[in-house]
Amino acid sequence: MFRRLIMASALSLMAISAAPITASAGQQYVDESGFAVSGYDPVAFFEMQQAPVGTRQPHAVPGRADITAEYNGAKWAFATEANRKAFLADPAKYAPAYDGHCAYGIAQGGKVPGNPNLWRIVDGRLYLNITPTVVGFWESDIPGNLDKSKVNWGKLEAAEASGKNWTAIDDNKGTYSGPAPIKN
């Protein structure tokens, strides 16, 4: 009987470990624009040349209000139909980490908005931060902050999305030139 119990336990563990790991996405950060990534094109980040760590990134590319898709319970805008198609083919590749919340905020244990003009792609993932000051903290130890944010995300993912507006923060003045998406 003891052998059967051990064998059944071992088979159960093997079945669990062989099962695919799926992660349900949390609630996407959407600001007053009504769009994920504040109406900027998530695919365009991967088409831009990143600035070196410690220097300001190029501004995000505004999406168009007439080129959209739905993913993770949110509406996304794109600058081109080609970018929309690329996103739909692999949305997890292009959607920002942490459902569009600030990566450093997640590393510190909270959900705060991500500013789409304060971005960095690390190992193929798009990360946003909330203010230029926070970018400095994030970039001072990207690997360490990623380790912390990955641990914290397991506790924070199911929490409600931030309801705050990144454009209302004084430190963000000058980080954006106008609203997105572009109305056509």
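From a predicted model like this one, the values you see are computed outputs, not experimental measurements.
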Starting from Leu118, walk the hydrophobic network (Ile, Leu, Val, Met, Phe, Trp, Tyr; side-chain heavy atoms closer than 4.5 Å) and list everyone else you reach, by chain and number. Val135
Here the salt bridge (Lys or Arg N to Asp or Glu O under 4.0 Å) pairs for residues 130-139, sequence neighbours left out, are Arg120-Glu139
Quick check against the 3.5 Å criterion: does Thr55 have a side-chain atom that pairs as donor or acceptor with the backbone of Pro52? yes
Looking at residues at least two apart in the chain, or sitting in another chain, which of them share a ring pair (Phe, Tyr, Trp, His ring centres under 6.0 Å) with Tyr29? His101
Taking Gln27 for the side chain and Ala161 for the main chain, is one N or O donor matched with an acceptor at less than 3.5 Å? yes
Ignoring hydrogens and angles, state whether a donor on the side chain of Asn172 or Thr131 is under 3.5 Å from an acceptor on the partner side chain. no
Ionic contact status for Arg64 with Asp66, cut-off 4.0 Å: yes
Please name all residues satisfying side chain to side chain contact (heavy atoms under 4.5 Å, CB included) with Lys173, sequence neighbours left out, ordered by chain then number. Asp170
Got a donor-acceptor contact below 3.5 angstrom from the Lys111 side chain to the Gly105 backbone? no
Does the Arg84 side chain pair with the main chain of Ile67, one donor and one acceptor, at a distance under 3.5 Å? no
Nearest-0.5 Å distance that lies between atom CD in Glu157 and atom CD1 in Ile106: 9.5 Å
Nearest heavy-atom approach of Gly110 to Leu156 is N-CD1, 3.7 Å
Sub-4.5 Å side-chain heavy-atom contact between Leu128 and Pro113: no
Less than 4.5 Å apart, side chain to side chain, heavy atoms only: is that true for Asn115 and Ile130? no
Crowded around Asp90 CG? As in, over 12 foreign heavy atoms under 6.0 Å? yes
Restricting to pairs with a member in residues 29-40, which pass salt bridge (Lys or Arg N to Asp or Glu O under 4.0 Å), not counting sequence neighbours? none
Side chain to side chain, Trp76 and Val30, heavy atoms closer than 4.5 Å: no
Report yes or no: do Val151 and Ile142 belong to one cluster of Ile/Leu/Val/Met/Phe/Trp/Tyr joined by side chain heavy-atom distances under 4.5 Å? no
Determine the minimum heavy-atom distance between Asn83 and Ala44, stating which atoms define it. ND2-N, 4.0 Å
Which label fits Tyr94 and Phe87: parallel for a plane angle under 30°, tilted from 30 to 60°, or perpendicular past 60°? tilted
Any side-chain donor paired with an acceptor under 3.5 Å for Ser38 and Trp166? yes
Do Phe35 and Pro181 have side-chain heavy atoms sitting under 4.5 Å apart? yes
Closer than 3.5 angstrom, by distance alone: can the side chain of Asp41 be matched with the main-chain N or O of Val43 as a donor-acceptor pair? yes
For the residue pair Ala77 and Gly39, what are the closest heavy atoms and their distance? CB-O, 3.7 Å
Side chains of Tyr176 and Thr167: any donor to acceptor distance under 3.5 Å? no
Hydrophobic cluster membership, with links at side-chain heavy-atom distances under 4.5 Å among I/L/V/M/F/W/Y: are Val61 and Ile182 in one? no
Using 0.5 Å steps for rounding, measure from the NZ atom of Lys93 to the CZ atom of Arg125. 12.0 Å
How far does CG of Asn145 sit from CG of Asn129, to the nearest 0.5 angstrom? 8.5 Å
Residue pair Pro91 / Ala89: nearest heavy atoms and the distance that separates them: CD-C, 3.9 Å
Minimum heavy-atom separation for Ala79 and Pro62, please, with both atom names. CB-O, 3.7 Å
Working to the nearest 0.5 angstrom, can you tell me the gap between Ser33 OG and Tyr40 OH? 9.0 Å
For the pair Lys150 and Tyr98, evaluate side chain to side chain contact (heavy atoms under 4.5 Å, CB included) and give the outcome as yes or no after the intermediate values. CA-CA 9 Å; Lys150 287 174 186 172; Tyr98 312 124; 3.8 Å; yes
Does the separation of the ring centres of Trp138 and Tyr127 fall below 6.0 angstrom? yes
Not counting sequence neighbours, which residues clear side chain to side chain contact (heavy atoms under 4.5 Å, CB included) with Ile121? List them please. Phe45, Phe46, Gln50, Trp119, Leu126
Please name the pair of heavy atoms, one in Pro116 and one in Ala60, separated by the smallest distance, quoted to 0.1 Å. O-CB, 3.5 Å
